[in-house]
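Below is one structure, written out as structure tokens; the observations come after it.
Lettering follows sequence order; numbering is per chain, from 1.
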There are 2 protein chains.
Amino acid sequence: MAKPTGRAMRDEILIAGQELAQSMGVAEFSYADLSERVGIRSASIHHHFAKKEDLVTEIASRYRGNFGAQLRELEERPSSVEQLEGYRDLFEETVTKGDLCLCGSAAAEWSAIGDSTKDEVKAFFAEQTRWLTDVISKGMASGEFSSGLNPSEEANLLLAALEGATLLARVENHGAHVGRVFDRILTFLTTQPSK
Amino acid sequence: MAKPTGRAMRDEILIAGQELAQSMGVAEFSYADLSERVGIRSASIHHHFAKKEDLVTEIASRYRGNFGAQLRELEERPSSVEQLEGYRDLFEETVTKGDLCLCGSAAAEWSAIGDSTKDEVKAFFAEQTRWLTDVISKGMASGEFSSGLNPSEEANLLLAALEGATLLARVENHGAHVGRVFDRILTFLTTQPSK
DNA sequence: TCAAGTCTACCAAGTACTAGGTAGACTCGG
DNA sequence: CCGAGTCTACCTAGTACTTGGTAGACTTGA
């Protein structure tokens with residue numbers, strides 16, 4: 001495969017940067033790490049992304065965009081339950097690679113990231129919450145979920161639990177963690193309370 | 001107040017280090033930050049803690065110990081629900097200060113911490129899970145919680161959700177997040193399913 | 001006197017970032 | 001078609017600064 005150049009190299013940097021950020025942490029990876037990975041000098045990376053904050057913000061923006069695209073694919077699934085299961089799979093995939101959600105990592109290093117990055121992270125979580133709220137609402141309307149739920153509360157819970165489980169899975173290193181936590185919540189959502 | 005010295009200074013460093021680690025991140029705070037905070041030169045901090053890993057590990061160990069002591073206090077509360085509510089309050093207190101759970105932060109920066117620190121973090125989460133499992137078991141036995149539960153699964157869920165909520169609370173900056181997520185789970189635990 | 005604690009003064013290595021330049025591809029008037 | 005100018009992409013070689021960590025001298029209380 002030919003060494004990429006120009007805009008292709010720019011993309012390469014974004015992809016490698018995302019991987020490094022998810023495995024090492026947003027504040028932990030350096031232009032030197034990136035340089036080694038993509039095969040150009042760190043000074044040349046500065047040609048594409050003048051400041052690290054620019055790079056990180058664009059990585060976050062790209063991440064949000066890709067995640068959004070995957071959510072839109074999931075929307076084609078026939079049931080709300082299947083859509084949520086697909087959502088769980090997105091997190092499980094991340095854990096399998098030993099990674100963290102990019103924005104979870106950014107949230108943990110909140111004081112070390114710039115304002116423009118923070119805005120992207122906020123937007124990411126807002127989108128996630130909105131999407132989950134929507135899926136749960138529709139699932140309630142269709143009868144897949146029990147009727148007493150508060151969609152945005154359940155969405156918050158699901159998101160928090162998955163982000164937390166991603167964190168814990170690393171420590172206890174087995175990826176089943178995320179799936180188990182998710183399944184537990186799904187059971188709660190689909191079970192009718194009696195009192 | 002007189003400037004502490006000797007072992008008192010050592011404790012001072014541990015306390016300040018914990019605060020910095022929780023607000024900035026374990027890998028983000030430096031001996032320089034610590035120096036400014038406790039009023040001695042960074043070289044003098046090295047006298048007490050030769051390597052940063054030594055310091056961070058001891059901070060984590062202390063954190064785990066203090067947390068354990070608080071759990072033992074909570075055990076004196078009359079009901080399992082009240083014990084869990086106390087547990088929630090521990091997390092809410094952290095969020096109010098704009099901090100992260102120390103071990104949550106460490107988990108997020110997993111690749112940047114040393115092995116001895118990792119062991120402390122693992123032990124912390126194991127203890128949390130064990131305590132929660134225990135409380136939920138007893139709550140089931142006493143009839144406070146519904147009978148179909150799997151205590152260790154619920155414990156995992158609760159811990160993951162609280163850690164995740166702590167993360168998200170920072171981004172969306174309002175501390176109510178943790179309480180809402182917790183209350184949602186508590187409702188699930190105390191509601192009898194009908195099918 | 002002695003040892004614990006703190007200091008000043010370093011260091012090597014790493015950080016993000018910059019200055020200045022080169023090779024090659026593209027543009028465009030004559 | 002040609003040459004001058006321009007642009008992109010990358011380079012070498014640095015800047016200024018921070019990092020954790022070390023060596024050795026000074027201070028001070030017991």
All pairs passing side chain to side chain donor-acceptor pair (under 3.5 Å) where residues 107-124 of chain A contributes a residue, at least two apart: A:E53-A:S116, A:T57-A:S116, A:T57-A:T117, A:R64-A:E120

For atom CZ of A:F49 and atom C1' of C:dC17, their distance in whole Å: 16 Å

B:E127, CD atom: more than 12 neighbouring heavy atoms under 6.0 Å: yes

Separation of atom NE2 in A:H46 from atom P in D:dT15, rounded to whole Å: 16 Å

Separation of C:dA16 P from A:I113 CD1 (nearest whole Å): 16 Å

Residues which pass salt bridge (charged side-chain N to carboxylate O under 4.0 Å, His left out) with B:R37, listed by chain and number, not counting sequence neighbours: B:E19

Among D:dG20, C:dT18, C:dT6, the nucleotide that comes nearest once only the side chain of B:H48 is considered: C:dT6

Nearest-nucleotide pick for A:H47, side chain only, options being D:dG20, C:dC17, D:dC10: D:dC10

Where do N or O atoms of nucleotides 21-23 of chain C meet protein N or O atoms at under 3.5 Å, pair by pair?
none

Non-neighbouring partners of A:E172 that pass salt bridge (charged side-chain N to carboxylate O under 4.0 Å, His left out), sequence neighbours left out: none

Nucleic acid contacts of residues 21-34 of chain B, taken as heavy-atom distances under 4.0 Å to DNA chain D: B:F29, B:S30, B:Y31, B:A32

Modelled atom types, side-chain donor and acceptor of B:S79 and B:E82, under 3.5 Å: yes

Proximity to the side chain of B:I40 - top-ranked nucleotide from D:dC10, C:dA16, C:dT6: C:dT6

Any A:K51 side-chain nitrogen or oxygen under 4.0 Å from OP1 or OP2 of C:dT15: no

Distance-only donor-acceptor pairs under 3.5 Å for side chains of residues 25-35 of chain A, two or more places apart:
unit_1 : atom_1 : unit_2 : atom_2 : d
A:S30  : OG     : A:A32  : N      : 3.2
A:S30  : OG     : A:D33  : N      : 3.1
A:S30  : OG     : A:D33  : OD2    : 3.2
A:Y31  : OH     : A:F49  : O      : 3.0
A:Y31  : OH     : A:K51  : O      : 3.4
A:Y31  : OH     : A:K52  : N      : 3.4
A:D33  : OD2    : A:S30  : N      : 2.9
A:S35  : OG     : A:I40  : O      : 2.8

Results of salt bridge (charged side-chain N to carboxylate O under 4.0 Å, His left out) for A:D99 - residues two or more places apart only: none

Between the protein and nucleotides 8-13 of chain C, which nitrogen or oxygen pairs come in under 3.5 angstrom?
unit_1 : atom_1 : unit_2 : atom_2 : d
C:dT8  : OP2    : B:R41  : NE     : 3.1

Under 3.5 Å, sequence neighbours excluded: what are the donor-acceptor pairs made by side chains of residues 152-161 of chain A?
unit_1 : atom_1 : unit_2 : atom_2 : d
A:E153 : OE2    : B:R180 : NE     : 2.9
A:E153 : OE2    : B:R180 : NH2    : 2.9
A:E154 : OE1    : B:R184 : NE     : 3.0
A:E154 : OE2    : A:N150 : N      : 3.1
A:E154 : OE2    : B:R184 : NE     : 2.7
A:E154 : OE2    : B:R184 : NH2    : 2.6
A:N156 : ND2    : A:S152 : O      : 3.4

Between D:dT22 (P) and B:D54 (CG): distance, integer Å: 10 Å

Partner residues of B:F125 under the ring pair (Phe, Tyr, Trp, His ring centres under 6.0 Å) criterion, sequence neighbours left out: none

Ring pair (Phe, Tyr, Trp, His ring centres under 6.0 Å) pairs, two or more places apart, involving residues 127-149 of chain B: B:Y87-B:W131

Nearest-angstrom distance from the residue atom CE of B:M9 to P of C:dA4: 17 Å

Sequence-distant partners of A:D183, salt bridge (charged side-chain N to carboxylate O under 4.0 Å, His left out), two or more places apart: A:R88

Interatomic distance where CD belongs to B:E53 and C1' belongs to D:dG20 [whole Å]: 13 Å

Rounded distance (Å) that lies between atom C1' of C:dG5 and atom CG of B:D11: 15 Å

